[in-house]
Amino acid sequence: MELFLVFVAFLLMLLGIIGSFLPILPGPLTSWVGLLVLHFTKGVELSQTFLITTLCVAVFIYVLDYIIPAIGTKRFGGSRSGMIGTTLGLIVGLLSPIPFGIIIGPFIGALIGEMIHRNDLDKALKAAFGSFIGFIASSFLKFIVAIVFLGFFIVKLSEHNSAWF
């Protein structure tokens, strides 16, 4: 049972890292659930303070994930259409076989969204750039937190002090 819980926790940690870039999964929150599952294994000690602190960080990053792209979009004169286009472009970019689709997709999606919203290419390019920068900043922040949580996972697992079977 212990190895199963560790395996599930590790999968959640990996999903958390992937969720840093996919809008479908809440990356750091998923990684935090991995830490919580690890907490229930015998021989791994995670204090309540540690779990509450990491949960607060994960929730804070989750909230920021909605604020940062909006700030980037608004700062560069973007609209809600640009933000929606960024998200749709990310999904298309991830699923398409083109190189750097995860980077190109959000920008092109934001550009298309802004062109639909306003028919001015210069303003749409500027707004698409802002939406893209907000998305990249938010994704990078989520990725860093998910990697730090993975580091905690590895350290706590290495301190395991009971039998696996």
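Note that the coordinates shown come from a computational prediction; the quantities given were computed from them, not determined experimentally. Residues take their numbers from the sequence shown, with the count starting at 1. Note that these values count all heavy atoms, side chains included, but never hydrogens, waters or copies made by symmetry.
Between Phe50 and Phe152, the angle of the ring planes goes over 60°, which puts this pair in the perpendicular group of the 30/60° scheme. Under the 30°/60° scheme for interplanar angles, the aromatic rings of Phe143 and Phe21 are found to be tilted.
The backbone N or O of Val155 sits less than 3.5 Å from a side-chain atom of Ser158, completing a donor-acceptor pair. At least one donor-acceptor pair closer than 3.5 Å links the side chain of Ser20 to the backbone N or O of Gly16.
Taken to the nearest 0.5 Å, the OG atom of Ser139 stands 7.0 Å off from the CG atom of Asp65. The OG1 atom of Thr30 sits 11.0 Å away from atom CZ of Phe149, with the distance rounded to the nearest 0.5 Å. For the atom pair NZ (Lys126) and CG (Asp120), the distance works out to 11.0 Å, reported to the nearest 0.5 Å. The distance from atom CD1 of Ile67 to atom OH of Tyr62, rounded to the nearest 0.5 Å, is 12.0 Å. The CG atom of Leu46 sits 6.5 Å away from the CG atom of Leu35 when rounded to the nearest 0.5 Å. Once rounded to the nearest 0.5 Å, the distance linking OG1 of Thr87 with CZ of Phe135 reads 7.5 Å.
The shortest side-chain heavy-atom distance between Val6 and Val37 does not fall under the 4.5 Å cut-off.
Cluster membership for Val145 and Leu14, using ILVMFWY side-chain heavy atoms within less than 4.5 angstrom, is shared. Cluster membership for Leu11 and Leu38, using ILVMFWY side-chain heavy atoms within less than 4.5 angstrom, is not shared. One hydrophobic cluster, built from ILVMFWY side chains closer than 4.5 Å, cannot hold both Ile61 and Ile52; they sit in different ones. Hydrophobic clustering places Ile147 together with Ile136 (ILVMFWY residues linked when any side-chain heavy atoms are closer than 4.5 Å, directly or through intermediates). Linking ILVMFWY side-chain heavy atoms closer than 4.5 Å, directly or via other members, places Leu141 and Val57 in a single hydrophobic cluster.
Applying the ring-ring contact (aromatic ring centres under 6.0 Å, His included) test to every pair with at least one member in residues 22-47, sequence neighbours left out, gives no pairs at all. Legend: salt bridge (charged side-chain N to carboxylate O under 4.0 Å, His left out) pairs involving residues 75-99, not counting sequence neighbours: none detected.
More than 12 heavy atoms of other residues, nucleotides or ligands sit less than 6.0 Å from atom NZ of Lys156. Annotation for Phe76: atom CZ counts as buried by contact number, over 12 foreign heavy atoms lying within 6.0 Å. Annotation: Gln48, atom CD; neighbour count of heavy atoms from other residues, nucleotides and ligands within 6.0 Å does not exceed 12.
Nearest heavy-atom pair across Lys142 and Gly19 is NZ-O, 3.8 Å. Listed here is the closest heavy atom pair of Thr54 and Leu51: OG1-O, 3.1 Å. Across all their heavy atoms, Gly134 and Ile68 have their closest contact at O-CG2, 3.5 Å.
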Run the side-chain donor-acceptor check on residues 92-116: report pairs under 3.5 Å with partners two or more places apart or on a different chain.
unit_1, atom_1, unit_2, atom_2, d
Ser96, OG, Val92, O, 3.2
Ser96, OG, Gly93, O, 3.3
Glu114, OE1, Ser79, OG, 3.3
Glu114, OE1, Arg118, NE, 3.4
Glu114, OE1, Arg118, NH2, 3.2
Glu114, OE2, Ser79, N, 2.8
Glu114, OE2, Ser79, OG, 3.1
Glu114, OE2, Gly82, N, 3.3

